[in-house]
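Proteins come first, then strands; the chains are lettered A, B, ... in the order of their sequence lines, and each starts at number 1. Note that these values count all heavy atoms, side chains included, but never hydrogens, waters or copies made by symmetry. All values derive from a computational prediction rather than experimental measurement.
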2 protein chains.
Amino acid sequence: MQSKPTTIKEIARILNISPSSVSRGLHDHPSIGAVTREKIKQLAKSLNYEPNNAAILFQKGKTYTIGVILPELSEHFFSTAISAIEDEALKKNYTVIFAQSHDNYEQEVKLVEKMKNQRVDGLLVSISKDTSKFDHFEKLNSFNIPVVFFDRIPPFKNVHYVACSLESATVKAVNYLLKKGHRSIGMINGPNTLYASDERKDGYMQAITFNRLKVDPSLIINCDLTEQGTIEAANQFLNHKRRPTAIVAFNDYVALFLIKYFKKLNVIDEFDVVSYANLPIISYLDHTPVASVEQYPYLQGQKAANILLDLINSPNAETQAYYNTIVESDLIINNVEE
Amino acid sequence: MQSKPTTIKEIARILNISPSSVSRGLHDHPSIGAVTREKIKQLAKSLNYEPNNAAILFQKGKTYTIGVILPELSEHFFSTAISAIEDEALKKNYTVIFAQSHDNYEQEVKLVEKMKNQRVDGLLVSISKDTSKFDHFEKLNSFNIPVVFFDRIPPFKNVHYVACSLESATVKAVNYLLKKGHRSIGMINGPNTLYASDERKDGYMQAITFNRLKVDPSLIINCDLTEQGTIEAANQFLNHKRRPTAIVAFNDYVALFLIKYFKKLNVIDEFDVVSYANLPIISYLDHTPVASVEQYPYLQGQKAANILLDLINSPNAETQAYYNTIVESDLIINNVEE
DNA sequence: CGAAATTAATCAAACGTTTGCGTGTTTTTT
DNA sequence: AAAAAACACGCAAACGTTTGATTAATTTCG
């Protein structure tokens, strides 16, 4: 039963015509007569002919494959994004290969190399936490492999990227809290090295200032994002002379730790928490954040994929301007039932 | 800057030797002298030579690629499994391409076809919910593409698979509840069409019977796994003449709905819930399941990937016995703090 | 010292498909 | 009826790499 797949040559031999005619016939090339074309197609069908992709790819020098490199596939945000990427790629008949950097710079460099060897037509990347050099991506330019960054993007504009505006989302979040009557709002921010921390801080300050209030820097606490770090930050808030009544948490994990700790101290009712969505089921908690910044991973993935496919199929990629796409994030108000 | 990638031919031309020698030199073939070999390697390095994968794959008729088809990538279980698969594949220098069936049979058939066209060396599959025919997989046999199923497997033994023994896990779960003193234990099971429902039911009955108790069939309720369905099941338990004090939920989603509903009715303290792990953060809930059946997605993915790679590289795949691997699932007791 | 063995490299074919160019045959145009 | 156009197909090269067969040069050994 070990059937070798049917080839064009085989069909040509049986029909006593040339392989080129078979190829053209199958592609509805005008220079092949209708009769011959039908004969070819019929035989191809009955022999279960399937084009040998490897051969075509090789011949065309294109792989119809896009690579995706991201930190951790099992994080909900990324698995949703890649799900979108795959869906978009499939529509245009592209294949997706992916790899995880596990937030490790060296691994990321290796993977970029591997993707290049695989001759992907383009690359989608969400950079690892400890990536601060970007040479490995620049190398791809000379091979004419376009790169689109998404969500975790490098801190400069002369690349293609899709990302969420955390700044404007943070403005919305703080505005919401102010409108609810809060006058002292704390923020548990990430390490200063993260670009995402800057954005949150800027948004926070912008909202406060815009409302003609004064920013109290001691209400913005940097945190290593661990449970222990969160607890320390919480303690600082609890002992603060202007003890805040609302807190903006860096992400859902931090919010989770925070809420857990506040519940333990029985002060949870004295705080409103706003967070950035990572965990799909966080709204099922008893004490949930009053609002969440939704970052639309599916949409980001979709946009990034489409931009990449555009770039791949645009002839004059050289002279092209950089896509700097911002996905507006929204503040989702959790209507707490009870 | 548009550098065309260096080829073996190019190196050969510069060194005035034949391409075959270059190829052999790069592969440390014994019939190339040490001097020439070094010259070749040096030049290759300085020209940044990278083998053209597409050409090699084409030439060898192998793609060093494994395909993965699963229902929904954004589900935590699957994203963890595929994360493992990717890690294993990378170790052996294989590439992973994947696609989602979105639990749709027709889509699955299409994807299998596409994977075949891509000439994957092997396929890992977790079948879609409404797949009951398996011809599309059998077709792969004649192309000598091995298939390993994982987690969601077909209901027969003459295929390779890796799966969790939900039956024995359910036995453990029910035993645990019995040991805690529960005498009336309800089960919210899935639709009867699912193999997974059978396993749970069998495990339940086995544990009850083994403990010399009588199975009350009305305590096993089939449910469509929606929130509404869960509520209906809950109501049946609440009105049951032998009202259960513990409930085995089909999965974490069902458990979530159930706990939410019980909390609303203020009867949550009258029930112990056991569930099957899908949601990583469910243990952060206020009222969490007292125990969870852990199905080790990472381990399953790992094993499935390794089996597939074995099959791909075993010369006499024909005569091979079928791998039927069962991953023991464990009952994780949640030590509730308060 | 001549035959055999070893070493070092080359040649050419092959993998399956596509595509520019050429060629013979038929049809259309003037 | 001759020239032009349209049609239908074949030829051959090309993509980059690998590999079995072959050759030429050198070394080894009886």
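Positionally, the nearest nucleotide of DNA chain C for B:Ser31 lies more toward the 5' end than for the other of B:Ser31 and A:Ser20.
One atom, CG of B:Leu26, and another, C1' of D:dT17, lie 11 Å apart when rounded to the nearest Å. Taking atom NE2 of B:His29 as the reference point, atom C1' of C:dT7 lies 12 Å away to the nearest angstrom. Rounded to whole Å, the distance from CD1 on A:Ile56 to P on C:dT19 is 10 Å. If you take CG of A:Asp28 and P of D:dC9, they are 14 Å apart, rounded to a whole angstrom. Spacing between atom CZ of A:Arg37 and atom P of D:dC7 amounts to 13 Å, rounded to whole angstrom units. As a whole-Å value, the separation of A:Leu57 CG from C:dT18 C1' is 13 Å. What separates CG of B:Leu15 from P of C:dA8 is a distance of 16 Å, to the nearest Å. The distance between atom CG of B:Asn53 and atom P of D:dG16, rounded to the nearest whole Å, is 14 Å.
A distance below 6.0 Å separates the ring centres of A:Phe156 and A:Phe134. Aromatic rings of A:Phe149 and A:Phe137 (six-membered ring for Trp) have centroids within the 6.0 Å cut-off, being under it. Between B:His136 and B:Tyr105, the ring center distance clears the sub-6.0 Å criterion.
In this structure, the nucleotide among D:dT17, C:dT19, D:dA8 sitting nearest to the side chain of B:Lys9 is D:dT17. The side chain of B:Asn52 lies closest to D:dG16, out of D:dC15, D:dT18, D:dG16. The side chain of B:Lys60 sits closest to D:dT19 out of C:dT18, D:dC15, D:dT19. For A:Ile8, counting side-chain heavy atoms from C-beta on, the closest listed nucleotide (C:dG16, D:dT17, C:dT17) is C:dT17. With distances taken from any side-chain atom of A:Arg24 to the nucleotides C:dT10, D:dC11, D:dC15, the minimum falls on D:dC11.
Across all strands, A:Gly33 comes closer than 4.0 Å only to sugar-phosphate atoms, never to a base (heavy-atom distances).
Stacking is found between B:Phe58 and the pyrimidine-like six-membered ring of the C:dC15 base under the 5.5 Å centre-distance and 30° plane-angle cut-offs.
Ion pairing between a basic and an acidic side chain is recognised when a charged N comes within 4.0 Å of a carboxylate O; A:Glu113 and A:Lys139 show such pairing. A salt bridge does not link B:Asp87 to B:Lys92: none of the charged side-chain nitrogens sits closer than 4.0 Å to a carboxylate oxygen.
For B:Ser23, no side-chain nitrogen or oxygen approaches OP1 or OP2 of D:dT19 to under 4.0 Å. Between A:Ser18 and the phosphate of D:dC9, there is no side-chain N or O to OP1/OP2 separation shorter than 4.0 Å. A close approach under 4.0 Å does occur between a side-chain nitrogen or oxygen of A:Ser21 and OP1 or OP2 of D:dG10.
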